[in-house]
Number of protein chains: 2
Amino acid sequence: MNLEIASRQLEALGNPTRLQIYRTLVRAGPAGLPVGGLQERIGIAASTLSHHLKRLVETGLVTQERHATTLICRAHYPAMNALIGYLADECCADAGCVTADAAAGGVST
Amino acid sequence: MNLEIASRQLEALGNPTRLQIYRTLVRAGPAGLPVGGLQERIGIAASTLSHHLKRLVETGLVTQERHATTLICRAHYPAMNALIGYLADECCADAGCVTADAAAGGVST
DNA sequence: TCCCTATTTCGACAATTGTCGAAATTCAGG
DNA sequence: CCTGAATTTCGACAATTGTCGAAATAGGGA
């Protein structure tokens, strides 16, 4: 993970529509969602969705799997974990930011 | 933390120049860096730096403190922690993404 | 083979972004 | 009050983005 990749992934998530897409995929769980289902839930033009989805796939944050004509999309957790790791590293490498009351896992102790 | 705030912060970090600015501030530690020092290290026009810095301050990722004519900039860790918490939450809320070999703390076990 | 459904590609468009240099502003010191 | 240094604001510019509808493509089933 380097600055260029990280910034590209952050940029991908930094658009409200794309973050919503990603969020929806996470909520959908391991089963994932077809592009059409995603479109129903989010309510944007299919072409727009396809455009955003391509960005998320290119950055590795989302994976796709064909089932006949249907494309199943899934959040790709390892990529997110690597990104979070990079951010945590950038944030905590030199400084002791133990003020983390926001982290889910409770890293302190 | 909601989707709108998160996406704005992610977008702020999603530009290579701004991520580099943030990274430099983190590396500078709690003492922070004046805008001029930042400019020397990064090598962009002062106006461009000011523009990016404003974005980072607006989103709460960076704080500034005046010392006479000098503006000291610092990475604001709580904001980053909240953002990481949001991402981790979005990623892990419903799914068991224990594949985290990238997280700094080692959440598994 | 022909059709139907799911998805992508193709223009097109307004809006935003990233960058710069020049000018304006702010603030302390003499 | 004037000077000098630090930073921001002001245009300006090309480049990218986000969005849409229409047309093209892909892939299976009758």
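The chains referred to below are lettered A, B, ... by the order of the sequence lines, with proteins before strands, and numbering in each begins at 1. In this text, all values refer to a predicted model and were calculated from it rather than measured experimentally.
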| query | Would the number of heavy atoms belonging to other residues, nucleotides or ligands and lying under 6.0 Å from CZ of B:Arg8 be above 12? | reply | no

| said: Please determine whether side-chain contact (heavy atoms from CB on, under 4.5 Å) holds for the pair A:Leu87 and B:Leu87, giving the CA-CA distance in whole Å, both sets of side-chain angles, and the decisive distance to 0.1 Å. | reply: CA-CA 11 Å; A:Leu87 289 179; B:Leu87 289 179; 4.3 Å; yes

| request: Give a yes/no on whether any side-chain N or O of A:Arg55 is located under 4.0 angstrom from OP1 or OP2 of D:dG18. | output: yes

| query | Are B:Leu13 and B:Val57 linked, directly or through other ILVMFWY residues, by side chains that come within less than 4.5 angstrom of each other? | reply | yes

| query | Between A:Arg8 (CZ) and C:dT17 (C1'), how many Å, whole number? | reply | 16 Å

| remark: Separation of C:dA6 atom C1' from A:Gln39 atom CD, nearest Å, is 10 Å

| field | Under-4.0 Å side-chain N/O to phosphate OP1/OP2 contact, A:Arg18 with D:dG18 | value | yes

Please tabulate, one pair per line, each protein N/O and nucleotide N/O from nucleotides 19-22 of chain C that are separated by under 3.5 Å, including the distance.
from, atom 1, to, atom 2, distance (Å)
C:dT19, OP1, B:Thr17, OG1, 3.2
C:dT19, OP2, B:His52, NE2, 2.4
C:dC20, OP2, B:Ala45, N, 3.3
C:dC20, OP2, B:Thr48, OG1, 2.9
C:dG21, N7, B:Ser47, OG, 3.3
C:dG21, O6, B:Ser47, OG, 3.0

| Starting at CG of A:Leu56 and ending at P of C:dT8, how long is that distance when rounded to a whole Å? | 12 Å

| field | From A:His52 atom NE2 to A:Ile42 atom CD1, the distance as rounded to the nearest 0.5 Å | value | 9.0 Å

| task | If a protein heavy atom is under 4.0 Å from the base, mark B; if only from the sugar-phosphate, S; if neither, -; do that for nucleotides 23-30 of chain C going 5' to 3'. | result | ----BS--

| task | Grab the NE2-C1' distance between A:His67 and D:dG29 for me, whole Å please. | result | 18 Å

| remark: Separation of C:dA6 atom C1' from A:Leu53 atom CG, nearest Å, is 13 Å

| field | Value in whole Å for how far the P atom of D:dT9 lies from CD of B:Glu58 | value | 10 Å

| Could you give the CG-to-C1' distance, from A:Leu71 to C:dT9, as a whole number of Å? | 14 Å

| said: As a quick check of understanding, evaluate side-chain contact (heavy atoms from CB on, under 4.5 Å) for A:Gln20 and A:Arg41, giving each step before the final call. | reply: CA-CA 10 Å; A:Gln20 193 184 359; A:Arg41 283 168 217 235; over 6 Å; no

| said: For residues B:Tyr22 and A:Ile5: do they belong to one hydrophobic cluster (side chain heavy atoms under 4.5 Å, members Ile, Leu, Val, Met, Phe, Trp, Tyr)? | reply: yes

| Shared ILVMFWY cluster between B:Leu33 and B:Ile44, side chains joined below 4.5 angstrom? | yes

| said: Tell me if a side-chain donor or acceptor on B:Ser50 pairs with a main-chain N or O of B:Ala46 at a distance below 3.5 Å. | reply: no

| query | Is the shortest heavy-atom distance from the side chain of B:Leu10 to the side chain of B:Tyr86 under 4.5 Å? | reply | no

| Rounded to the Å, how far apart are A:Ile72 CD1 and D:dG27 P? | 15 Å

